[in-house]
Amino acid sequence: SNTSNLSPENTTKTWMSELKPSSGASGTSNRLLQAKSLRKAQEIAREEKSNMMFLLAAIKFYRMAMQLVPDIEFKINYSRPPDADRGGGNYMEDSDVDGEIEDLLAYFEQQLSVEGSFPKICTPEVEMTQVHISALPREILMYIFRWVVSSDLDMRALEQLSLVCRGFYICARDPEIWRLACLRVWGRKCTKLVPFTSWREMFLQRPRVRFDGVYISKTSYIRQGEESLDGFYRAWHHVEYYRYLRFFPDGHVIMLTTPEEPLSVVPRLRTRNTRMDSVLLGHFRLSQETGNQTKVFAVVCKKKDEKATDFQRNRFCRRNPAPEAEHSFHVGLALSSGGHQSFSKLVWIHHSCHITYKLTGETVITTFDLDRMYTPFFFARVKSYTAFSEQPL
């Protein structure tokens, strides 16, 4: 009987019966396993799909980077710092570098000091056959920076120059340049930093007039004309004119009242040596009162005719009398900020005419009422005013 049970035919039947799914608990467990394996396969498929999408996006951005900078892969630092796995310390310090300007300046100076005992202000990005600007001493570089600022106080160009590299950033934050700029604006009385922490902060935040453009005031009104001869109608005139104020760092000011539009007038106000006959020349000063309100006071008069002396030397005009009186105009303005620009608005607070008679020395003062005809001045930056440097700061 044992021999018949171990026959090949019986063995095959036993093996087939074991492979058939059994009923009851064993069938339920098999279905659960199949469901889990199906869910796992679906999750793997979704993950592979998302990875493929990220890969396609990365390839797209890589191609864009290659178009902008062909050798971008040579400029990427793939080395990992030894303490990259540890959170804290140096990483936090580096991430806070762009916070305060003083911290950024100290960070750049520290980086230059680490490079060697005689660090260079900057290094050439590519190999050069000529002498690079980094070979110049720092004193020569600072003198070049003073030419960039120029006597027109073009501090905007200095700020743009600081974006070139960390060495230029350090040179552009040199306290001496900003101190000279403050002295040029506020004079010898500007000797204390309080309440500011640096000369640069004083120049940027303390109220002052701007020199890289012109202040423009536009006035328009309706004026009634004369009645017609037949009495059927009366004309009305729309009157429009402009006032221009151009300040210079040396204390000079130009004032002009004309119906001409800024497009034709502004280029002719670049220098004080303008040939416009109706222009008024004079000086201005800044006055800061206890109420922290800065005012601008200016005295202007018509420029003297240079040909008057030659005219009087003519034998036919020896008896031509000299002018009996001299006219000067006193202007007072309050400085404020308008819109997104700082120190870009001037509001009228005083305007008067002083007539001085030469024979008697008597002065007659006429004060004008500040009505709606005295519209505020608004600043307009003019790039051509600082396009050339005539002398260094």
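Side chains are part of it too, since the values below use all heavy atoms of this structure and drop only hydrogens, waters and symmetry mates. Residues take their numbers from the sequence shown, with the count starting at 1.
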With a cut-off of under 6.0 Å to the ring centre and 45° to the axis, is Arg173 in cation-pi contact with Tyr169? yes
Can Leu158 be reached from Val164 by stepping across I, L, V, M, F, W or Y side chains whose heavy atoms are under 4.5 Å apart? yes
Stepwise side-chain contact (heavy atoms from CB on, under 4.5 Å) check, Leu256 with Arg243: CA-CA 6 Å; Leu256 175 65; Arg243 291 189 180 98; over 6 Å; no
For Phe284 and Phe248, run ring-ring contact (aromatic ring centres under 6.0 Å, His included): C-alpha distance rounded to whole Å, both residues' side-chain angles, the deciding distance at 0.1 Å, then the answer. CA-CA 9 Å; Phe284 77 94; Phe248 296 90; 9.0 Å; no
Same cluster (ILVMFWY, side-chain, under 4.5 Å), Val214 and Leu245: no
Measure up the Trp348 and Tyr374 rings against each other and bin them: parallel (under 30°), tilted (30 to 60°), perpendicular (over 60°). perpendicular
Path from Leu370 to Met255 over hydrophobic side-chain contacts below 4.5 Å: yes
Under the criterion side-chain contact (heavy atoms from CB on, under 4.5 Å), I'd like the reasoning laid out for Thr258 against Val265: C-alpha separation, chi angles, the key distance, then a yes or no. CA-CA 9 Å; Thr258 175; Val265 175; 4.2 Å; yes
Can you check whether His330 and His350 have ring centres sitting under 6.0 Å from each other? no
Hey, would you say the Phe247 and Phe211 ring centroids sit under 6.0 Å apart? no
Over all atoms of both residues, closest heavy-atom pair of Ser389 and Ser150: OG-CB, 3.4 Å
Step through it carefully: locate the ring centre of Phe196, locate the ring centre of Phe203, and say whether they are under 6.0 Å apart. no
If you apply the rule side-chain contact (heavy atoms from CB on, under 4.5 Å), what do you find for Tyr244 with Phe377, and how did you get there? CA-CA 8 Å; Tyr244 300 89; Phe377 289 88; over 6 Å; no
For residues Leu153 and Ile144: do they belong to one hydrophobic cluster (side chain heavy atoms under 4.5 Å, members Ile, Leu, Val, Met, Phe, Trp, Tyr)? yes
Any link between Val253 and Tyr385 through a network of hydrophobic side chains (Ile, Leu, Val, Met, Phe, Trp, Tyr) touching at under 4.5 Å? no
Got a sec: does the CZ of Arg381 have more than 12 other heavy atoms crowding it under 6.0 Å? yes
Cation-pi check for Trp186 against Arg208: NZ or CZ below 6.0 Å from the six-membered ring centre and within 45 degrees of the axis, yes or no? no
Walk me through it: do Val149 and Asp154 pass the test side-chain contact (heavy atoms from CB on, under 4.5 Å)? CA-CA 5 Å; Val149 176; Asp154 188 10; 5.5 Å; no
Where Pro392 and Tyr143 come nearest, the two heavy atoms and their spacing: CG-OH, 3.9 Å
Atom CG of Asp371 with >12 non-hydrogen neighbours under 6.0 angstrom: yes
